[in-house]
Amino acid sequence: MKYCIYSCTTKLDEQDTLLYKSCLELEDVDVFFKTNNKDGLSKSYNEFLYSKQAEEYDCVIFCHDDVFIDDGKLKKKLEKAFEKLEETI
């Protein structure tokens, strides 16, 4: 599966967010930011979800910019969770 993380920030530069700093260590997970965001999160998230860019991903994770992901095994954990979900469907 192919994953990405999408976040909105009011900051002018995504590098100023905790999320950006924590994602530098993640492998095989693409991260996108909408900077200088003045729209509501639901509007921004939906715009991304229905964009051409999001179509190439099996899973889009929406995340606040003040979250620090301290888990280098995030992708493996997500894959395991989706496997369990598929077993129950």
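Remark: the backbone N or O of K2 is paired with a side-chain donor or acceptor of D58 at under 3.5 angstrom.
Between atom CG of residue N46 and atom CG of residue L41 there is a gap of 11.0 Å, rounded to the nearest 0.5 Å. The structure places OH of Y6 at 5.5 Å from NZ of K34, a figure rounded to the nearest 0.5 Å. The CG atom of N36 sits 8.0 Å away from the OG1 atom of T10 when rounded to the nearest 0.5 Å. To the nearest 0.5 Å, atom CG of residue L26 and atom NZ of residue K75 are 11.0 Å apart. For the atom pair S22 OG and D70 CG, the distance stands at 8.0 Å (nearest 0.5 Å). How far CD of E55 is from CG of L49: 10.0 Å, rounded to the nearest 0.5 Å.
Here the shortest heavy-atom pairing between Q53 and E56 reads O-CG, 3.3 Å. Taking all atoms of both residues into account, the shortest heavy-atom contact from S7 to C63 is OG-O, 2.8 Å.
Among V29, I69, I5, the single residue meeting the side-chain contact (heavy atoms from CB on, under 4.5 Å) criterion with I61 is I5.
Using cut-offs of 30° and 60° on the angle between ring planes, the pair F48 and F32 is tilted.
Contact check for Y45 versus V60: no side-chain heavy atoms found under the 4.5 Å cut-off. When side chains are defined from C-beta on, D65 does not count as touching N37, because their heavy atoms never get closer than 4.5 Å.
Taking a 6.0 Å sphere around NZ of K73, one finds it holds 12 or fewer heavy atoms contributed by other residues, nucleotides or ligands.
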Working for side chain to side chain contact (heavy atoms under 4.5 Å, CB included), residues D71 and K77: CA-CA 9 Å; D71 192 341; K77 290 179 178 180; 2.5 Å; yes
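Hydrophobic clustering (ILVMFWY, side-chain heavy atoms < 4.5 Å, transitive): V31 and V67 are in one cluster. Both L19 and L78 are members of a single hydrophobic cluster when ILVMFWY side chains are connected at heavy-atom separations under 4.5 Å. Linking ILVMFWY residues whenever their side-chain heavy atoms come closer than 4.5 Å, directly or via other members, leaves L12 and F33 in distinct clusters.
Residue pairs that meet the salt bridge (Lys or Arg N to Asp or Glu O under 4.0 Å) test with at least one member in residues 5-31, sequence neighbours left out, do not exist here.
F68 forms part of a hydrophobic cluster together with L18, judged by ILVMFWY side-chain heavy-atom separations under 4.5 Å.
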